[in-house]
Undergrad: 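What follows is a structure written as structure tokens; I'll ask about it next.
Values below: every heavy atom of this structure, side chains too, minus hydrogens, waters and symmetry copies. Labels below follow one simple rule: chain letters A, B, ... track the order of the sequence lines, proteins then strands, and each chain is numbered from 1.
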Amino acid sequence: MYNPKKIEKKWQRYWEEQDLHQAKDFSRKPKKYILIEFPYPSGKGLHVGHCRPYVALDIVARKARMEKFNVLFPMGWDAFGLPTENYAIKTGIHPITVTKKNTAFFKRQQKSLGLSFDWNREINTTDPNYYKWTQWIFLQFFKKGLAYKKKIPINWCPSCKIGLANEEVIDGCCERCDAKVTKKEKEQWILKITKYAERLINGLDKVDYPERVKILEKDWIGRGEGYEVVFKFKSQTSESINIFTSRLDTIFGATYLVIAPEHPVLEKLRPQIKNFKSVEKYIEKTKGKLERERIAKTKEKVGIRLEGISAINPATGKEIPVFIADYVLMHYGTGAIMGVPAHDQRDFDFARAYNLPVIEVIKPYSQKGKLPKKAYLIVSNGRFKKAYEGEGILINSGRFNGMESGKACQRIGDFLVQKEIAKEAVHYKLRDWIFSRQRYWGEPIPLIFCENCAAEMRKRVSKIKGRKPNKGESLNPGWITVPEKDLPVKLPRVKKYKPTETGESPLAEIKHWVNTKCPKCGGSAKRETDTMPNWAGSNWYYLRYCDSKNDKKLASSKLLRKWMPVDWYNGGMEHTTLHLLYSRFVYKFLWDIGIVPKSVGPEPYKKRTSHGMILGEGCVKMSKSKGNIINPDDVIKEYGADTLRVYEMFMGPFEEAIAWNSKGVKGARRFLDKVWKLKDNVNQKSRIKNQGFKKLVHKTIKKVSDDIEHLKFNTAISCLMILVNEIEKQENIPLKYYSLFLTLLSPFAPHLSEEIWSELGHKKSIFLHKWPKYDPELIEEETFTLVIQINGKVRDKIETNINISEKKAKKLALSQQKIKNWIGRNKIKKTIFVPKKLINFVI
RNA sequence: GCCGCGGUGGCGGAAUUGGUUUACGCGCACGAUUCAAAAUCGUGUGGGUUUUACCCAUGUGGGUUCGACUCCCACCCGCGGCACCA
């Protein structure tokens, strides 16, 4: 009887004792770095959804080892984070204790799946020996002037008492606790990811990522090419304002300007604004609004006109009114736009509400008298129904009339640039990365604020007491870096884990920790009490695996050169715009400053794949409230880890979401039972005479090998099943073929394969055996089924020689009675012959 | 609205460059085994009809082609993401 409980533990222990999964730092074999996103060890334990990518990449790793690659397949814990902290707040248990418990739980579960991680390189982001380097990386950002502190309105979660990055706000609510997010002005550390925007886009051309991932990242970065154009205000003031547009061809149709309510120019214009009180009120009102609300799909476009202010359209020279409106955001473009009602729907709606003139400047290309589908229509009274946003031929645009949009953009651009009214510009949707959290369970930011040094810096003393300040210190007066020898800045013990009422981190209340000496002037100073977001630790973890125990460096250049880049990185689609983008940014920075050797290249991950979610039965998300959570422990208990592995790989295409089906699990177990039973029919001496069977074996080798590389585990298993069904039919199974089959099965069902392998008398582990190679000659077929079609419909099939000539095939086909009947007295107009496939008669 | 992915039996899903639609598994039915059940094994299993055979079937409607799940056009539905982005 196949009893997984008996054998699985045994082999897991054996593999560990034999150090079978250890990546070798000193080995001449070619390396393969296979990486799977490390989990956040929540208290709930492993989800069957976790298992899917784990098992998949475990299969890839096991196969690669059998192909004699030196495989690095590591695992660790992304353990800083809110759930643990919230648990600590609730229970008073220290997050360290909770993390220890959870990681032990996760690790036990992972091991019970038979995953072949190299546990020698295990890392934990909350380990001071690890976060020492997370802090060190932050210091490098700071020193290079890529970190700055700024008072900005941040997304504020009143429940978590924490600032959130835009990316963490979902539907105006906190990603984690779902509370409604408000705005709060807060000093925050910010990393200049926008400086890398261009390179983050360009780098995508060099890597093997799914197209949808590339598109998602590109859209997120949101590169917009266009022009910044200066609009002068009329006479009363010398002030002017820059607008950004990607459609300079429509500038002759710009009949008003809209400025974001936060725009600093408003303060300067104040004396001229006659209705400043109402304007101020509007600005106040905007402050209370969430960005989500401002840009929400509302019917009305509401703004307020700046009375007494008007601007000059530099193209037409005409005077146009100026508005502020909250739908224009300060952080995109220049915070101001030109309103072109005829050719932008938002502007059109706004113009209607305020009765502004609509001037048509682009005429759609006419195509054989037909207007493009989205063309505007002029109703009889001369009013537009909707804006035409497409390209076309310019009209009402002076000397540019008759030009096509694309050309016009350039020509008008050249013209305005020459007059120094415009310049080419590129803007991005991507925003700088807010890197502060006012929370406890994160890496302390290793900076110290010194009043004394700040004062000196303001007095423009370039040298503070003997040491030249770094770029970050000059940018952020008074903020002094903790010397690298003093890292890590350890997270101190606190009594209460909850942030203070004012929203400061609980660290702010530990006076003896906060109060320290300035590393520069030696005077009294205060530590930064903010901590880093939970992505800080996960942005560079794959580098640490290369050299996880190094206490001198983040990782040695030698080992980084050895293992990097990651050859294959699998993770969730949901991490595409957060973790994946951020970690590429951090990598590029570390590469720039020479921490990662130049020879490794500018991208950390050669290939990225994404797994699909596992849903509950009936295609709904698994959740406690629905009571449909499948615990992998239970499945292993009932059927064994190998069954769970085979089932999850067989259930459907790896990259697509799929629902759990408990009956399918049984099917997987049945398959393994069958494999188990077959071992009793193995005969050392028997030989296979059947050439067809040999062919099948070699075809299976090819298919399984190819399918694993392309994540097509479901079809790989299906052809293994076909082979087993065929083996079953043989009376005596030759040892050779059964062993061969086992090696193919072993990455999928490692315990069962190892057990049978040893029962068959093999002394060494099956995983030290070579991955089989197929014989290309053997998979060549000699015969094939010739499909005979009449007018494209299958009318008959006949088995024949693979190299049959067209002439012979035709003769053979026409000799079939069925075909004779079909053709009858009809004339054959045409014959199509596809070698090794079919012959088709057109009658 | 835009972007991406998808729509194939009762179900999960297979199907080189357009060339045998429904592999493999589940479920179901019948049979064997059993006192009986479970398990196991065997056989069958897209729908229809006038059943030695033919017709219809890959979301819908067109098109290209000797031939379309596959390519083109239009539309419908589902999932995911983004959304007054200038």
Undergrad: May I ask you to verify if any side-chain N or O of A:Lys218 is less than 4.0 angstrom from the OP1 or OP2 atom of B:G81?
TA: no
Undergrad: Within the structure shown, what part of the strands sits under 4.0 Å from A:Lys663 by heavy-atom distance: base, sugar-phosphate, or nothing?
TA: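 Answer is sugar-phosphate: A:Lys663 comes under 4.0 Å of backbone atoms only.
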Undergrad: Is the phosphate of B:C66, meaning OP1 or OP2, less than 4.0 Å from a side-chain N or O of A:Lys830?
TA: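 So the side-chain polar atoms of A:Lys830 do come within 4.0 Å of the phosphate oxygens OP1 or OP2 of B:C66, strictly under.
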Undergrad: Do the charged groups of A:Glu726 and A:Lys729 touch, with an N to O distance under 4.0 Å?
TA: yes
Undergrad: Can you work out whether A:Asn725 or A:Lys712 has the more 5'-proximal nearest nucleotide on RNA chain B?
TA: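 Here A:Lys712 is the residue nearer the 5' end.
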Undergrad: Base, sugar-phosphate, or nothing: which does A:Ile722 touch, judged by heavy atoms less than 4.0 Å apart?
TA: sugar-phosphate
Undergrad: Taking B:U8 as the reference, what is the distance to B:U60 when you measure between their C1' atoms (whole Å, please)?
TA: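 It comes out at 15 Å once rounded to the nearest Å.
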Undergrad: Give a yes or no on whether a donor-acceptor pair under 3.5 Å exists between the nucleobase atoms of B:G6, that is its base, and the side chain of A:Glu656.
TA: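 Absent.
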Undergrad: When the P atoms of B:C11 and B:C56 are compared, how many Å lie between them, rounded to an integer?
TA: 23 Å
Undergrad: Salt bridge check: are A:Glu198 and A:Arg223 linked by an N-O gap of less than 4.0 Å?
TA: yes
Undergrad: Quick one: look up who B:C85 pairs with, Watson-Crick or G-U, both distances under 3.5 Å, and put none if it's unpaired.
TA: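 Base-paired to nothing in any strand shown.
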Undergrad: Would you measure the distance from the C1' atom in B:G25 across to the matching atom in B:A14 and give it in whole Å?
TA: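 B:G25 and B:A14 have their C1' atoms separated by 11 Å.
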Undergrad: Does OP1 or OP2 of B:C85 have a side-chain N or O of A:Arg223 closer than 4.0 Å?
TA: no
Undergrad: Would you indicate what A:Leu838 reaches in the nucleic acid, counting non-hydrogen atoms under 4.0 angstrom: base, sugar-phosphate, or nothing?
TA: base
Undergrad: Does a salt bridge link A:Arg608 with A:Glu37, judged by any charged N lying under 4.0 Å from a carboxylate O?
TA: yes
Undergrad: Taking B:A57 as the reference, what is the distance to B:A37 when you measure between their P atoms (whole Å, please)?
TA: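 Result for the P pair: 44 Å, nearest Å.
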Undergrad: Name the closest nucleotide to the A:Met721 side chain, picking from B:U20, B:C24, B:A86.
TA: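 Of all the options, the side chain of A:Met721 is nearest to B:C24.
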Undergrad: So, is the end of the A:Lys679 side chain (NZ or CZ) under 6.0 Å from the ring centre of A:Trp676 and within 45° of the ring's axis?
TA: yes
Undergrad: With a 4.0 Å cutoff (strictly under), does any side-chain N or O of A:Arg669 reach OP1 or OP2 of B:C26?
TA: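 A:Arg669 to B:C26 OP1/OP2: no side-chain N or O under 4.0 Å.
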Undergrad: Spell out yes or no: do the side chain of A:Lys837 and the base of B:U17 have one donor N/O and one acceptor N/O closer than 3.5 Å?
TA: yes
Undergrad: Under 4.0 Å between a side-chain nitrogen and a carboxylate oxygen: does that hold for A:Glu638 and A:Arg669?
TA: no
Undergrad: Determine the interatomic distance between C1' on B:C71 and the same-named atom on B:G1; round to the nearest Å.
TA: 28 Å
Undergrad: With rounding to whole Å, what would you report as the distance between B:G7 and B:G13 at their C1' atoms?
TA: 13 Å
Undergrad: Let me know, please, whether A:Phe841 or A:Lys703 comes out on the 5' side of the other along RNA chain B by nearest nucleotide.
TA: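 The residue mapped nearer the 5' terminus is A:Lys703.
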Undergrad: Which value, in whole Å, describes the distance between the C1' atoms of nucleotides B:U58 and B:C69?
TA: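 Roughly 5 Å separates the two C1' atoms.
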Undergrad: If I pick the C1' atom on B:U20 and the same atom on B:G31, what distance separates them, to the nearest angstrom?
TA: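 Comparing C1' positions in B:G31 and B:U20 gives a spacing of 31 Å.
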Undergrad: Would you please indicate if the ring centroids of A:Phe748 and A:Phe650 are separated by under 6.0 Å?
TA: no
Undergrad: Return no unless some side-chain N or O of A:Trp660 is found under 4.0 Å from OP1 or OP2 of B:G12.
TA: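 Indeed not, no polar side-chain atom of A:Trp660 lies that close.
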Undergrad: Using whole Å, what does the distance between atom P of nucleotide B:A83 and atom OH of A:Tyr332 come to?
TA: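 Whole-Å distance recorded here is 13 Å.
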